[in-house]
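First up is the structure itself, then whatever we jot down about it.
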Amino acid sequence: MSPWIDTSTLDEFQTLHKLDPADQFQIYNGLDCCVTAEVFEQLSDLLRKQNSPHAQNLYNFERGMQGLALDMMRRGFLTDSLERMKLAEQYQKIKSRVEHLLNRYASAVWGLPLNPASPKQLREFFYGAMKLPEQYAIYNKRRVVSCNRECLERLQAYFYAIPIINCIFESRDAQKKISVLTTGISSSGRFHSTFSPASTETGRWSSSKDAFGEGGNAQNITPELRRIFIADPGKKLIHFDQKQAESVVVGLILSALGDDRYLRAFQSGDLHTTVAKMIWPGEVHDKKSAEKIFYRHFSYRDMAKRGGHLSNYRGKPKRMSEALKLPLDLCENFQYIYYKAFGLEKFHSYISKELQLHQSLITPLGMQRHFFGNPYDDEILKEAIAFIPQSTVGQITSIVAHRAWLKEPRLEPLTHDHDGFTWQFPDDRRLERDLAGYIRDIGKVPLKFLNKEVTIPLEISTGWNWASASHPVFDGKNPDGLIEYKGEDSRVRTTWRERLA
DNA sequence: ATTCCCAGCGCG
DNA sequence: AAAGCGCGCTGGGAAT
C-alpha cells in the first residue's frame, strides 16, 4: 500500500529520498504523466488563443508522426557484422600507420608527436613551430584561426607541409568512419536511432542516439559506410528519393513569381547536369561524363548540385570557390551566368519582402515559421531563403512515409533522410513491383504556391544494402546495392549466398 | 571523475 | 569585411 504523496509540497531531501525505491518510482511515474498533462493543458490553451490554423496543423502533423517514428526506433537497421568489423579493422590500420608517419614528421619539426584530432596542437604546430601564415574559418558567424580541412588545403601551397597535411586528412577520415562502425551497435547487430519528428526549425526530422545511448545519427552516414546497412534475412530494401527536390521548390516559387525558366530547365532534363555543363564545358557534356569523380568522392554533378544549392541560397562566389575547389573568377563568372539565366534575385527579393511584411513565411504545405530576428538583417534573410525548400521537401518525405505506415504493413520503415525514405519488405519480385507502384502512387504530393502547382518526381530504388550500387567509391563492386527500379530487378542476393556457402 | 564547450565534419 | 541553411556526434581540453 503506497502512501498519498502531495508532490506540490514534496521536499526532495527531507522526504523523497527516504521513501523506498518502489514508492520513488511511483512518484516519478505520476509526475511523468501528470506534468505532461498539465503542460498539454497550458499549451493547447496557448494554441487556442493564438487562433492560428498553421500552428494547430503543425502540432497535429508532428504528433501524428510519433507512431511511425517509434516503429522505426524499435526496429533499428540490421548491419553486416562481419563486413563492419573488417572495415573497422582496415580503417584502424590506416589510422595507426599514418599517425606513426605523422609523428615522425612532427618530431623532426618540433621534437614532439602531434595529435591530428587536437585543434590546439595543430594550431601550435602549423602557426607556431612551422611559422605558416594563420588561416581563418568562420564558425557561428565568428572568424577564427583554424586547422579545418579548408584551412589545411590552403596550407598545401607550402610544399614542405604537404605530406604532414595529407597524414592529418587520412587520419581524420579514418577516425570518422571508425566511430560510426564501432559505436554502440546492439548485440543483435542492429543500428538503432532516435527519430524526432518535432525537433527542428524547419519541420525536418532529426536523428540521434537511441534511448539507451547506443546507435547514432542515421542521417549522416557516408556512401561508403551505407554498405554495412542491410536488409534482414528474407527481406529487401526499397528506397525513394525526391529528385532534385529543393531545386524544384525554388523553381516553383520563381515560376509563381512569373519566371519559369528554372522550372523549365528542370523539366527538360537533369538540372544538376545542366549546371555542371555550365561550369565545366570542356569536361561535361552529358549525364555520364557528369558522374566522373571530380574531387574526393564527389562527381562533377555532385559539385554542380552543391554549387547550385549554394547559389540558390545566397552563397557568394568566394564561398563557392572554397567549397568547390575552383578559381574565384570562374565562380564569379558562373554565378553571374547562373543568376542571369534563372532570375534567382526575384526569389531572394520576394522572400525579403515577405519577411519584412510579416516576419514569417508559410510553405506550400502550410507550415509557418516565425523569424524573430531583424527582418532587414542579411543573416535572417538567408535563413528565410533556405526555409521553404527545406521544410517542404522534409515534410513530403514524412507524408509519404506516414501514408505507407498507415496502409501497407509489408513496408517496414527503417530510415528518414530528409528527401528520401527507406523501408524493407519480404523479398519477392511480384510484391516488389506492387510496392514500387504503390510508393509511386502515394508519392504524388502536389505543391501549390500562389497560382502555380508542381509535383516533385520520385526515384525508387531497391537492393539488399543501403549504398548505391553504382556509386563511384565501390568501383562497380557493390552488386547488392540499391539500383533504380524500372519494373523488374533480376538480381539475387549475392553476398548472402556466399555467406551461407 | 564528471561536465561542458569548442572545433571539426558527416549528411540533406 | 564577409558570411548558404538545417541537423547531431566525437575527441580534446578546460572547468568543476
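Chain identifiers are assigned alphabetically (A, B, ...) following the order of the sequence lines, protein sequences preceding nucleic acid strands; residue numbering begins at 1 within each chain. Worth saying up front: this structure is predicted, and the values here are computed from it rather than measured.
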* To do: Check whether any side-chain nitrogen or oxygen of A/Ser118 sits under 4.0 Å from OP1 or OP2 of C/dG13, and answer yes or no.
  => yes

* A/Phe169 ring centre to A/Arg149 NZ or CZ under 6.0 Å, with the angle to the axis within 45°? -> yes

* Asked: Can you check whether A/Arg369 has a side-chain N or O nearer than 4.0 Å to OP1 or OP2 of C/dC5?
  -> no

* Under 4.0 angstrom between A/Lys120 side-chain N/O and C/dG11 OP1 or OP2 -> no

* To do: Would you kindly check whether a donor in the side chain of A/Lys176 faces an acceptor in the base of B/dC9, or vice versa, at under 3.5 angstrom?
  => yes

* Across the strands shown, which category fits A/Asn115 at heavy-atom distances under 4.0 angstrom: base, sugar-phosphate, nothing? -> sugar-phosphate

* To do: From the options C/dA3, C/dG6, B/dC9, select the nucleotide whose nearest atom is closest to the side chain of A/Glu201.
  => C/dG6

* Answer yes or no: is there a donor N or O on one side and an acceptor on the other, between the side chain of A/Arg75 and the main chain of A/Pro413, under 3.5 Å? => yes

* Asked: DNA chain C: stems of at least 3 consecutive Watson-Crick or G-U pairs, cut-off 3.5 Å?
  -> B:1-12 with C:5-16

* To do: Find the distance A/Lys316:NZ to C/dC5:C1' and express it as a whole number of Å.
  => 14 Å

* Counting side-chain heavy atoms from C-beta on, which of C/dC5, C/dG11, C/dA3 comes nearest to A/Gln390? -> C/dC5

* To do: Before giving the answer on salt bridge (charged side-chain N to carboxylate O under 4.0 Å, His left out), spell out for A/Lys95 and A/Glu170 the whole-Å C-alpha distance, their side-chain angles and the decisive distance to 0.1 Å.
  => CA-CA 7 Å; A/Lys95 189 171 175 244; A/Glu170 288 254 335; over 6 Å; no

* Asked: Can you find a donor-acceptor N/O pair under 3.5 angstrom joining the side chain of A/Arg204 to the base of B/dG12?
  -> yes

Donor-acceptor pairs are to be reported for all side-chain atoms of residues 388-396 of chain A against protein atoms at under 3.5 Å, with residues two or more places apart or in another chain.
from, atom 1, to, atom 2, distance (Å)
A/Ser391, OG, A/Thr202, O, 2.8
A/Thr392, OG1, A/Ile388, O, 2.6

* To do: Respond yes when some side-chain nitrogen or oxygen of A/Ser208 is under 4.0 Å from OP1 or OP2 of C/dC7, and no when none is.
  => no

* Asked: Under the 3.5 angstrom rule, does the side chain of A/Thr397 hit a backbone N or O of A/His418 as a donor-acceptor pair?
  -> yes

* **Spacing between A/Ile221 atom CD1 and C/dC7 atom C1', to the nearest angstrom** => 14 Å

* To do: Quick one: which residue pairs count as a salt bridge (Lys or Arg N to Asp or Glu O under 4.0 Å) with a foot in residues 454-473 of chain A, not counting sequence neighbours?
  => none

* Asked: Where the side chain of A/Gln175 is defined as all heavy atoms beyond and including C-beta, which of C/dG11, B/dC9, B/dG12 is the nearest nucleotide?
  -> C/dG11

* Under 4.0 Å between any heavy atoms, over every strand shown, what does A/Ser207 touch: base, sugar-phosphate, or nothing? Just pick one. => sugar-phosphate

* Nearest-Å distance, CG (A/Asp378) to P (C/dC5)? -> 9 Å

* **Donor-acceptor pair present, A/Asn217 side chain and C/dG8 base, under 3.5 Å** => no

* **Candidate nucleotides C/dG6, B/dG12, C/dA3, ranked by approach to the side chain of A/Glu383 - the nearest** => C/dG6

* To do: Check every strand shown and say whether A/Ser146 touches a base, only sugar-phosphate, or nothing at a heavy-atom separation below 4.0 Å.
  => sugar-phosphate

* Below 4.0 Å: OP1/OP2 of C/dG8 and any side-chain N or O of A/Ser206 -> yes

* Asked: Does a donor on one side chain and an acceptor on the other come within less than 3.5 Å for A/Asn374 and A/Glu379?
  -> no

